[in-house]
Number of protein chains: 2
Amino acid sequence: MAYPKKYIDKLRKSGLRPTKQRIKICEVLFDADQTFHFTIKELVRIIENQANIKVSLATVYNTVHAFIKKGYLKEIPLNASQSYYDTNISHHHHFFDEEENRLIDIHQDDVDEVNIKRTIPGKKIKSVEVIAKIVSDNQSQK
Amino acid sequence: MAYPKKYIDKLRKSGLRPTKQRIKICEVLFDADQTFHFTIKELVRIIENQANIKVSLATVYNTVHAFIKKGYLKEIPLNASQSYYDTNISHHHHFFDEEENRLIDIHQDDVDEVNIKRTIPGKKIKSVEVIAKIVSDNQSQK
DNA sequence: TCAACAGTTTAGAATAAATATAATGTATTA
DNA sequence: TAATACATTATATTTATTCTAAACTGTTGA
Ligand SMILES: [Mn+2]
Ligand SMILES: [Mn+2]
Ligand SMILES: [Zn+2]
Ligand SMILES: [Zn+2]
C-alpha cells in the first residue's frame, strides 16, 4: 500500500494490477536517473540487489512484455541470442560496441532523417532504426 | 570429386576442406538465381529436399559460421529469438515485415547515406545498418 | 599398397533463453 | 466473510544453438 501513483497508473494502463513485485520492477526501470539498456537476467539481478524482494523470472518476463506492448519499454534488435530492452522509448538509434557488448544511444537529432526511396505495395513503414556497429579505433595500424 | 572449383576455393579460403556436405551447402547458398535470407532450419530443409544427402545440423552451423567469419554470408539482427542469414553480402539495408516475418532487401542506393554526427572516443564505426519495420497499410482507417 | 593421421560428420547431450503450466497465494468485491 | 479473479512462483517445457565424443574418410608417405 502507498505505492507511487505514477507506477500504479502505468501498471493499470498495461492491464496489470499493482503488486509489490511489479511496483519494484517499475522502480528499477523508471526511477533511474538515466535511461538504460538491460537484459532480463540483469534486471532480475538489479531487483534482488536493491530490495529484499524475490521476483520470479516469469513475473519479470510478463511485466516487461506488457510494458513493451504498451510502449513503456522498447526491445532492441541485435544479432545476439539474447534480447536487449531499453527504457528510452524516444525515437532514437544505437551504437553497438561489439567488443564490450554494450548499447549506446544515438539521439534522433544526431542522425539525419533516414530517407528510404523504396516502398512495398500495401505496406507502410512503422519504424526505422539504425544500428551502427563500433570497434576499437586502432590508429597504430600502418 | 569433380566439385565446382569456385566452391572448393570458397571452402578452402574459409579454412574448410571441400566435402560432399559442404559443397552441397555451397550449391544451395550460392547457386541460387537471387540472393536470399534464411534460417538454419530452412537451409537444412532446402538441402534435404534438393538432394539425397543427409547433413547434420552441426555441420550446417559450423559451415555457415565459417562463411560469416570470412564474409561470404551476413547475419541479420532481428528481435526474434532466431538468427537470420543473408547471402547478399553487399552493403544494404532491410525492411522487416512483422506480419509475414519476412526480410526484404533495400539496396544501398535506395537509402541516402546515414550521417551520424556523434562519435565515441577510441571507437570507429564498422558498419551501419537500417532496419525499417513495415506493416499493412490499412487505408480504410478514418 | 596400406597403415597412420588429421580432419570431418554425426547423433546425441548440454546449455541457455524464453515460455507454459499448474498449484498456491493475494486482492477485490458483493 | 465468501466467492471470485488475478498473481506469483517453482518447475517443466520448448527451442535455438553449441558441445562432445565416437565413427568415418581422405590424404600421405613408407
Ligand atoms: Mn519478446
Ligand atoms: Mn538460445
Ligand atoms: Zn537506447
Ligand atoms: Zn538482405
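Here is the naming used below: chain letters follow the sequence lines, and residue numbers restart at 1 for every chain.
Per the geometry, OH belonging to B:Tyr61 stands 5 Å off C1' belonging to D:dT17, to the nearest Å. Separating the CD1 atom of A:Ile53 from the C1' atom of D:dA7 is a distance of 14 Å, rounded to the nearest angstrom. Atom C1' of nucleotide C:dA6 and atom CZ of B:Arg17 are separated by 6 Å, given to the nearest angstrom. Atom CZ in B:Phe38 sits roughly 15 Å away from atom C1' in D:dA16 (whole-Å rounding). To the nearest angstrom, C1' of C:dA17 lies 13 Å from CD of B:Gln82. Following rounding to the nearest Å, B:Arg45 (CZ) and D:dA16 (P) show an atom-to-atom distance of 13 Å. Counting to the nearest Å, the P atom of D:dC19 and the CG atom of B:Asn62 are 9 Å from each other. Rounding to whole angstrom units, CZ of residue A:Arg12 and P of D:dA7 are separated by 10 Å.
Side-chain atoms of B:Ser14 come within 3.5 Å of backbone atoms of B:Lys10 as a donor-acceptor pair (strictly under, hydrogens ignored). Side-chain atoms of A:His65 do not come within 3.5 Å of backbone N or O of A:Thr63 as any donor-acceptor pair.
A close approach under 4.0 Å does occur between a side-chain nitrogen or oxygen of B:Ser83 and OP1 or OP2 of D:dT17. At C:dT26, none of the side-chain N or O atoms of A:Gln21 fall inside 4.0 Å of OP1 or OP2 (strictly under the cut-off). A sub-4.0 Å separation between OP1 or OP2 of D:dT8 and a side-chain N or O of A:Thr19 is present. Close to C:dT19, at under 4.0 Å from its OP1 or OP2, lies a side-chain N or O of A:His65. Of the side-chain N and O atoms in A:Lys54, one or more sit less than 4.0 angstrom from OP1 or OP2 of D:dA10.
Toward the 5' end of DNA chain C, the nearer of the two residues A:Ala58 and A:Lys41, judged by each one's closest nucleotide, is A:Lys41. Projected onto DNA chain D by closest heavy-atom contact, A:Thr63 and B:Ile40 fall at different nucleotides, the more 5' of which corresponds to A:Thr63.
Using cut-offs of 30° and 60° on the angle between ring planes, the pair B:His93 and B:His91 is perpendicular. Below 30°, between 30° and 60°, or above 60°: for A:His94 and A:His37 the angle between ring planes is above 60°, a perpendicular geometry.
Between B:Phe95 and B:Ile134, the shortest heavy-atom contact is CD2-CG2, 3.4 Å.
Residue-level contact check: B:Thr59 touches the bases, meaning some heavy atom is under 4.0 Å from a base atom. Counting non-hydrogen atoms under 4.0 angstrom, B:Leu57 reaches a base of the nucleic acid.
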